[in-house]
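Proteins get letters first, then strands, A, B, ... in listed order; numbering begins at 1 in each. If you're wondering where the values come from, they're calculated on a predicted model, not measured in any experiment.
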Number of protein chains: 2
Amino acid sequence: MSKEGEISPENYANWFALYQLCKHIEHRQTINISSVEFGKLLNLSQQTASRRINDLIELKWIKRKIENKTQKIVLTKEGSDVMLLMYKNLKNILESIVILGTVQNGMKEGAYYVSIKGYFDQFQEKLGFLPYKGTLNLELNSTNINLLREKLNNLKPVVIAGFQDNNSERTYGDVYCYDCIISRIDNPEEKINAAILDIKRTHHKKNIIEILAEPYLRDYFNLKDGDKLIIELNINR
Amino acid sequence: MSKEGEISPENYANWFALYQLCKHIEHRQTINISSVEFGKLLNLSQQTASRRINDLIELKWIKRKIENKTQKIVLTKEGSDVMLLMYKNLKNILESIVILGTVQNGMKEGAYYVSIKGYFDQFQEKLGFLPYKGTLNLELNSTNINLLREKLNNLKPVVIAGFQDNNSERTYGDVYCYDCIISRIDNPEEKINAAILDIKRTHHKKNIIEILAEPYLRDYFNLKDGDKLIIELNINR
DNA sequence: ATTACTAAAACCCGAGTAG
DNA sequence: TCTACTCGGGTTTTAGTAA
């Protein structure tokens, strides 16, 4: 076997077995499962499941106590480290994948919302810049939109507080933004601070997002429809 | 093959191959790698690596363009979904593993810090309760301390702002806390809001954490040294 | 250099069964 | 019932090699 906790071809079957075991973990890192049940979980026979458990014990990823012919399985520190390592690696991979958007025409609803005084006055303080009164529309492919959603889930939004307009009696709800950095794909070194307007509330096709920034981005980056921009999220938590 | 994106024994070798490929991803979800290099990455022969790539293409997890006998590999939406799914499952697993601590004697430095007026006055507002002027020490085993660290990494701390004491000319730094919920392991239904004092700054053995709560927890839970408590973190982001 | 076919070797799984 | 052994058969890997 290779380095401690490393997953290699000799043991990725075992890694997968550990992963399935962990899905059934209960209080105190304990799992109650027979080799027959474990076999069903893995889509494998009782015999192979039993062998897997012994492999995992040998790897020191789990411990077992047999009481009255039934086994209690406990995750060890090494075992939980293996799971943590994979989790961290996946997190890194997903975070390192650069998200790309394609410039689309139109300013859509974003421009309207940005201009409303009750919102606009909060931008300087909360985003760190006074945005251009319009948004840039970026289309993301389905790979990118999924990754973006997951990244946004793990990010704290900038909340632009809602308010009541006493003249029109209209109520304006909270607006959510996410800090980001934008650059041209053909010149990734020239970056600019920007913000993504919350994608949940827009009426768009679901794979279009709206970007806020201080300058008019089409001029700033000399953009035409179809140009590609890199969207980096600040993962500075 | 089973459900879309599901990893089963027929394809966890392929899943692992995809995972290794993703570690080498570059701009625009593209990977440049030969079958020889990929074989080395997987600790497998060039022939098997080549077959894996074809398997991944058949699974629609990647696409490939061959130019001048060299291949460019691009992750598909399905491929990134597979990675995202595993990431989310691991996240769930790690979050669902309950962290246990064992009651230890002593109040240590925590008690001193809690009592300092400059800090104490902030607790009501920031933690939602005025803590007992002492901390409960919990010892965590190495599995639990690792999991806790990872969970805290993904949590927003409650910052108790530092201040300057004009009498003693001493400067008191920021103190970090994390909201949590405590219960006896033998009665997990009776819960109480509490906070973990930042574990990084204490001079403790590294597997001891300090808990703040409104009541004197030893009385509240009728605790003696060695009793076990469940520590739940608020993952309500 | 590449990728990938074929065929033999190595490996793994599960049926039968023991404890 | 449980877990886990042996061993035959099927699957996967790799060496050799072609394109």
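For B/K23, the NZ atom sits in a packed shell: over 12 heavy atoms of surrounding residues, nucleotides or ligands are nearer than 6.0 Å.
Without hydrogens or angle criteria, B/E150 side chain to B/L147 main chain gives no donor-acceptor distance under 3.5 Å. The backbone N or O of B/N14 sits nowhere less than 3.5 Å from a side-chain atom of B/N11 that would complete a donor-acceptor pair. Judged purely by atom type and a 3.5 angstrom limit, B/D219 has no side-chain atom pairing as donor or acceptor with the backbone of B/Y216.
Between B/R52 and B/L18, every side-chain heavy-atom pair lies at or beyond the 4.5 Å cut-off. Inter-residue side-chain proximity for A/N146 and B/D81 is flagged as met; some heavy-atom pair is nearer than 4.5 Å.
Aromatic ring pairs are classed by plane angle as parallel below 30°, tilted from 30° to 60° and perpendicular above 60°; the pair A/Y19 and A/F16 is tilted.
Contacts between chain B and DNA chain C, taken as any atom within less than 4.0 angstrom of a protein heavy atom, begin and end at C/dA1 to C/dC5.
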For nucleotides 4-19 of chain D, just jot down a letter per nucleotide in 5' to 3' order: B, S or -, based on protein non-hydrogen atoms under 4.0 Å.
BB-------BBBB---
